[in-house]
Amino acid sequence: MGEGKGDAEYAADIKHLTRLWQKIEKKAGGSRAPSLIHRELEMTASLIRDLFTDDVEEVFIDDKQSFTEIERYLKAVSPELAERVKHYKGKDPIFDAFNIEAQIEKTFERKVWLKKGGYICIDHAEALVAVDVNTGRFTGKKNQEETIFRTNMEAAVEVPRQLRLRDIGGIIVVDFIDMESDSNKRAVLDTLRAELKKDRARTKAFAVSELGLVEMTRQRERSSLLHYYTEDCPTCGGLGKVPSNETMLVKLERAMRRVMAMGSHKRVTVKVAPDVALFLVESEARRFSEMEKRFKISIDLKDDPQLKRGEMKIFSEKKHELTKQVVGAVPMT
């Protein structure tokens with residue numbers, strides 16, 4: 001925690017700890033066991049101790065007791081920071097007043113827009129996190145190299161910020177847009193490294209490769225916010241893709257071909273997700289009818305809200321399930 005601190009911070013910390021120890025000794029000498037001699041700071045005050053630096057302009061606290069405790073602590077350790085702590089007394093909940101909920105939601109979004117119209121995409125893979133930089137709507141007023149350079153410079157500032165906000169650790173690969181100028185590459189890398197120095201977690205960024213990639217690492221202390229607050233989609237299993245309606249139609253055709261090969265079924269019931277059933281009835285009614293004629297099978301199509309996109313169940317006329325026999329795996333499209 002002392003990395004990057006100066007003599008003044010160390011002196012103030014030592015002074016505070018000395019006073020605290022004297023207070024503990026005095027209280028211990030005048031107390032009878034069992035008795036509480038010292039209690040660590042509450043979580044809010046501990047966060048202030050660990051995170052509140054000169055870079056923080058203001059801190060608002062809506063709990064009077066926490067505000068008093070933090071104010072007392074800062075006056076003893078860093079008096080110059082005490083005035084930056086404000087007691088929030090507004091009528092609206094503090095998260096609503098400062099639009100915190102919306103900001104939290106944004107930390108889960110894949111795409112992050114930059115000020116001039118470019119954007120970055122953040123994708124989590126098993127072994128690493130990939131960050132892709134794009135010019136997006138930003139076309140620039142000069143040549144293409146200048147547009148790319150300015151977009152990369154904005155990304156070099158935003159990427160470290162997003163890593164801190166999302167608490168992303170481990171191996172990170174940033175795919176900057178390819179630049180021709182070596183001086184531009186150095187400027188982007190210098191900016192990235194300068195922004196990474198603001199991070200409390202240990203980071204290291206390597207040189208820009210010929211493909212415009214920057215490999216870097218960031219100390220992993222805990223799971224990222226994405227893994228902490230979310231779980232894989234039960235429908236796609238975390239892939240982010242589900243079979244298209246067209247794919248489900250092809251799957252049905254293959255299943256009916258297998259039913260026909262069995263030779264003992266003239267009528268079947270097919271259950272699919274509601275949106276798939278609607279697509280088959282409204283958009284592909286002619287193809288569906290042709291399928292029945294081609295395979296000489298009467299198909300009773302039913303929607304089942306319990307089924308997910310990609311799932312299909314097939315039953316014989318006698319209500320025997322044929323799914324495992326005739327339905328294969330569905331490729332994601």
Side-chain angles (χ1 to χ4, degrees), residues 101-102 104-113 119-134 136 162 166 168 170-173 175 223-262 265 268-292 294-295 297-316 319-333:
E101 293 287 355
I104 292 175
E105 291 293 332
K106 283 186 177 181
T107 62
F108 303 137
E109 294 179 0
R110 177 175 176 264
K111 182 181 289 187
V112 179
W113 288 97
Y119 64 89
I120 61 175
C121 286
I122 303 173
D123 292 298
H124 294 252
E126 191 69 25
L128 54 83
V129 173
V131 183
D132 185 36
V133 182
N134 297 276
Q162 289 298 322
R166 300 169 186 239
I168 295 173
I171 300 173
I172 300 149
V173 177
D175 184 9
S223 297
S224 68
L225 289 186
L226 182 70
H227 287 92
Y228 186 80
Y229 283 104
T230 66
E231 59 185 27
D232 286 345
C233 168
T235 298
C236 71
L239 182 63
K241 301 287 185 181
V242 294
S244 66
N245 285 321
E246 181 66 29
T247 298
M248 293 304 296
L249 176 57
V250 173
K251 178 179 181 178
L252 177 58
E253 289 179 336
R254 290 173 179 166
M256 292 304 100
R257 187 182 299 275
R258 296 186 183 106
V259 171
M260 182 185 70
M262 295 169 67
H265 304 287
V268 294
T269 298
V270 176
K271 292 184 178 181
V272 292
D275 61 323
V276 176
L278 186 64
F279 169 78
L280 295 176
V281 172
E282 292 191 352
S283 301
E284 295 293 340
R286 184 178 60 83
R287 190 169 168 183
F288 188 83
S289 177
E290 290 175 352
M291 188 194 315
E292 290 183 301
R294 189 192 331 156
F295 300 122
I297 297 173
S298 177
I299 305 173
D300 184 13
L301 184 66
K302 292 186 178 181
D303 65 313
D304 187 345
Q306 299 298 319
L307 295 180
K308 304 170 187 175
R309 173 79 74 86
E311 294 181 331
M312 180 182 295
K313 289 186 177 182
I314 300 177
F315 299 87
S316 69
K319 308 301 181 184
H320 296 146
E321 187 167 358
L322 307 174
T323 307
K324 292 183 179 180
Q325 299 168 259
V326 299
V327 178
V330 181
M332 294 299 178
T333 58

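In this text, all values refer to a predicted model and were calculated from it rather than measured experimentally.
- With values rounded to the nearest 0.5 angstrom, Leu252 atom CG is found 5.0 Å from Ile299 atom CD1.
- Residues Leu280 and Val270 fail the side-chain proximity criterion, which asks for heavy atoms closer than 4.5 Å.
- Nearest heavy-atom pair, Cys236 versus Val242, reported as atom, atom and distance to 0.1 Å: CB-CG1, 4.0 Å.
- For the pair Lys271/Phe315, a side-chain contact is recorded, criterion being any heavy-atom separation below 4.5 Å from C-beta on.
- Of all heavy-atom pairs between Glu284 and Glu246, the closest is OE2-OE1, 4.0 Å.
- Residues Thr107 and Gln162 have side chains not in contact (no heavy-atom distance under 4.5 Å, counting atoms from C-beta outward).
- Residues meeting the salt bridge (Lys or Arg N to Asp or Glu O under 4.0 Å) test with Arg257, sequence neighbours left out: none.
- Here the closest non-hydrogen pair linking Val326 and Ile314 is CG2-CD1, 3.7 Å.
- Between Arg110 and Asp123 there is a salt bridge, with a side-chain nitrogen of the basic residue lying less than 4.0 Å from a carboxylate oxygen of the acidic one.
- With hydrogens and angles ignored, the 3.5 Å screen pairs a side-chain donor or acceptor of Glu311 with a backbone N or O of Lys308.
- Within 6.0 Å of atom CG in Leu128, more than 12 heavy atoms from other residues, nucleotides or ligands are found, so the atom counts as buried in its surroundings.
- Between atom CZ of residue Arg287 and atom CG of residue Leu249 there is a gap of 4.0 Å, rounded to the nearest 0.5 Å.
- Among all heavy-atom pairs drawn from Leu307 and Ala273, the shortest one is O-CB, 3.6 Å.
- Put simply, CE on Met256 and NE2 on His265 are 10.0 Å apart, with the number rounded to the nearest 0.5 Å.
- Taking the ring pair (Phe, Tyr, Trp, His ring centres under 6.0 Å) definition, one finds that Phe288 meets it with nothing, sequence neighbours left out.
- Atoms CD1 and CD1, on Ile172 and Ile122 in that order, are 9.5 Å from each other to the nearest 0.5 Å.
- Note that the CZ atom of Arg309 and the OG1 atom of Thr235 stand 9.5 Å from one another [nearest 0.5 Å].
- In this structure, the side chains of Gln325 and Arg258 stay at 4.5 Å or more apart for every pair of heavy atoms.
- With sequence neighbours excluded, the residues forming a salt bridge (Lys or Arg N to Asp or Glu O under 4.0 Å) with Glu290 are Arg286, listed by chain and number.
- Taking both residues in full, the closest heavy atoms of Met248 and Pro243 are given as SD-CB, 4.1 Å, listed atom of the first, atom of the second, then distance.
- Two residues are said to be in side-chain contact when any heavy atoms from C-beta on lie closer than 4.5 Å; Val272 and Asp304 fail this criterion.
- Residues Asp300 and Val268 have side chains not in contact (no heavy-atom distance under 4.5 Å, counting atoms from C-beta outward).
- The side-chain heavy atoms of Val259 and Ile297, taken from C-beta on, include a pair separated by under 4.5 Å.
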Inset, instruction - Assess whether side-chain contact (heavy atoms from CB on, under 4.5 Å) is satisfied between Met312 and Val276, documenting all intermediate values. - result: CA-CA 10 Å; Met312 180 182 295; Val276 176; over 6 Å; no
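- Side-chain contact check for Thr323 and Glu321: at least one donor-acceptor pair (N or O, by modelled atom type) lies under 3.5 Å.
- The shortest side-chain heavy-atom distance between Lys251 and Val327 falls under the 4.5 Å cut-off.
- If you take CZ on Arg166 and NZ on Lys106, they are separated by 11.5 Å, rounding to the nearest 0.5 Å.
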